[in-house]
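Predicted model, so just to flag it, every value in this text is computed and none were measured.
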Amino acid sequence: MIKKHLCTCMVVLVTLVLSKMFLYSTPVKHQVKNTIPTSTISATNKTNNKSKKSKLFESLNFANEYLPIGDKRIEQKVARSLKAHSFERLKTHKLHKNAKAWFPIIEPILKQYGIPEDFKYLPLVESGLIQGNSHRGAAGLWQFMPATAKAFGLVVGSEVDDRLDVKKSTIAACKYLKVLYADFNNWTLVAAAYNTGGGSLRKSIRNQNQEDYYKLKLNKETANYVYKLISTKEIIENPSIYGYKGEKQDTKLALENLDADESANKL
């Protein structure tokens with residue numbers, strides 16, 4: 001009886017030892033898990049996108065005068081304006097073509113008169129996608145009205161119209177911009193005044209007791225004007241980001257590889 005009991009105990013002991021041997025000799029199947037939960041990855045991507053947008057807004061400026069950061073209304077207006085100036089919306093490289101043709105003439109004149117280089121984008125906003133006179137009678141790259149053109153030395157007549165001369169009109173524009181800067185002492189406000197008129201902008205500033213362009217309540221065209229300038233600058237300097245063909249040029253001008261067969265209706 002005792003022997004039988006001892007045998008049984010030995011069997012149990014051997015079984016336990018063998019089971020432990022097989023337990024540790026059998027490879028453990030590890031479940032491969034992402035060390036970062038999916039929800040965390042999604043949140044990280046959103047954070048990265050938010051960071052990129054934040055960095056973009058922080059870099060956007062006109063004549064080294066930067067956009068207010070953290071104002072959702074302003075950020076939304078910038079985003080809408082950039083989208084409106086993308087190739088997807090405009091379907092043309094005309095702004096880049098005109099920049100390539102005009103900037104080499106405009107830039108030296110701006111420098112000569114001490115006007116920030118960013119004002120070279122103003123003609124692209126004023127007349128970059130249109131030709132000839134506006135319905136209000138403005139003409140040329142800088143879209144001068146007859147009275148303003150004459151006041152700054154341009155000849156405006158049926159036979160001669162200096163507003164259509166790139167060099168002469170740019171010189172007149174520089175003189176006008178210097179007068180506006182002497183009045184407003186802020187290049188962003190100068191750009192707004194160029195669009196709406198110095199008297200009109202002074203009235204808005206006085207009535208609202210507000211000198212910040214981004215906080216002023218202005219007519220729709222003027223309220224969007226600086227956003228258009230900033231967006232035009234951005235798509236000219238970083239074309240590929242906004243769907244335009246070609247690579248960024250060192251001169252920050254036009255693209256080289258343009259569609260030769262762009263249809264007329266896209267222009």
Please round to the nearest 0.5 Å and tell me the distance separating atom [atom1] of [X] and atom [atom2] of [Y].
X: Asn186; Y: Thr188; atom1: CG; atom2: OG1; value: 5.0 Å
X: Lys77; Y: Ser231; atom1: NZ; atom2: OG; value: 11.0 Å
X: Lys215; Y: Asp71; atom1: NZ; atom2: CG; value: 8.5 Å
X: Asn61; Y: Asp118; atom1: CG; atom2: CG; value: 6.0 Å
X: Ile241; Y: Ser86; atom1: CD1; atom2: OG; value: 12.5 Å
X: Glu65; Y: Leu60; atom1: CD; atom2: CG; value: 14.0 Å

Discussion item. Determine whether the aromatic ring centres of residues Tyr213 and Phe184 are separated by less than 6.0 angstrom.
Written reply: no
Do [X] and [Y] come close enough that some side-chain heavy atom pair is under 4.5 Å?
X: Asn195; Y: Leu201; answer: no
X: Trp102; Y: Ser127; answer: yes
X: Lys111; Y: Glu117; answer: no
X: Leu95; Y: Ile235; answer: yes
X: His93; Y: Phe87; answer: yes
X: Leu124; Y: Ile236; answer: yes
X: Thr232; Y: Leu122; answer: no
X: His96; Y: Pro239; answer: yes

Result block: side-chain N/O donor-acceptor pairs under 3.5 angstrom for residues 168-177, not counting sequence neighbours:
unit_1 : atom_1 : unit_2 : atom_2 : d
Ser169 : OG     : Asp165 : O      : 2.7
Ser169 : OG     : Val166 : O      : 3.2
Thr170 : OG1    : Trp142 : NE1    : 3.0
Thr170 : OG1    : Val166 : O      : 2.6

For the side chain of [X] and the backbone of [Y], is there at least one donor-acceptor N/O pair under 3.5 Å apart?
X: Lys83; Y: Glu88; value: no
X: Thr196; Y: Ala192; value: no
X: Gln210; Y: Asp212; value: yes
X: Arg163; Y: Gly140; value: no

Worksheet item: If Ile, Leu, Val, Met, Phe, Trp and Tyr residues are connected whenever their side-chain heavy atoms lie under 4.5 Å apart, and connections chain through other members, are Leu82 and Ile69 in the same group?
Response: yes
Discussion item. Tell me whether Val190 shares a hydrophobic cluster with Tyr66, the cluster being built from Ile, Leu, Val, Met, Phe, Trp, Tyr side chains joined at under 4.5 Å.
Written reply: no
Worksheet entry | Derivation of the side-chain contact (heavy atoms from CB on, under 4.5 Å) call for Ile109 and Ile106 | CA-CA 5 Å; Ile109 299 173; Ile106 293 172; 5.9 Å; no
Worksheet item: Within a reach of under 6.0 Å around CZ of Arg136, are more than 12 heavy atoms found that belong to other residues, nucleotides or ligands?
Response: no
Item to complete: Answer yes or no: does atom NZ of Lys233 have more than 12 heavy-atom neighbours from other residues, nucleotides or ligands under 6.0 Å?
Response: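 Yes - once you tally the heavy atoms of other residues, nucleotides and ligands closer than 6.0 Å, there are more than 12.
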Fill in: Partner residues of Tyr227 under the ring-ring contact (aromatic ring centres under 6.0 Å, His included) criterion, sequence neighbours left out
Tyr214
Fill in: With sequence neighbours excluded, residues passing ring-ring contact (aromatic ring centres under 6.0 Å, His included) with Tyr242
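Testing Tyr242 for ring-ring contact (aromatic ring centres under 6.0 Å, His included), a comparison that skips the adjacent residues, returns none.
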Side chains of residues 145-159: which donor-acceptor pairs under 3.5 Å do they make with residues two or more places apart or in other chains?
none

Worksheet item: Who passes salt bridge (Lys or Arg N to Asp or Glu O under 4.0 Å) against Asp183, sequence neighbours left out?
Response: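 Per chain and number, Asp183 pairs via salt bridge (Lys or Arg N to Asp or Glu O under 4.0 Å) with Arg202.
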Practice prompt. With sequence neighbours left out, write down each residue that passes salt bridge (Lys or Arg N to Asp or Glu O under 4.0 Å) with Glu211, or none if nothing qualifies.
Written response: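 Here no residue qualifies.
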Write down the atom of [X], the atom of [Y], and the distance for their closest heavy-atom approach.
X: Ser204; Y: Leu216; value: O-CD2, 4.0 Å
X: Pro116; Y: Leu110; value: O-CD1, 4.1 Å
X: His85; Y: Ser81; value: ND1-O, 2.7 Å

Fill in: Step-by-step side-chain contact (heavy atoms from CB on, under 4.5 Å) determination, Ile115 to Lys178
CA-CA 7 Å; Ile115 304 298; Lys178 285 178 76 74; 3.6 Å; yes
Discussion item. Could you walk me through whether Glu234 and Tyr121 satisfy the side-chain hydrogen bond (donor to acceptor under 3.5 Å, both in side chains) test, starting with their C-alpha distance in whole Å, then the side-chain angles of each, then the deciding distance to 0.1 Å, before giving a yes or no?
Written reply: CA-CA 10 Å; Glu234 175 66 9; Tyr121 297 105; over 6 Å; no
Worksheet entry | Geometric class of the Phe62/Phe119 ring pair [parallel <30°, tilted 30-60°, perpendicular >60°] | perpendicular
Fill in: Asn98 vs Leu141, side-chain contact (heavy atoms from CB on, under 4.5 Å): CA-CA, chis, key distance, verdict
CA-CA 10 Å; Asn98 287 345; Leu141 267 61; over 6 Å; no
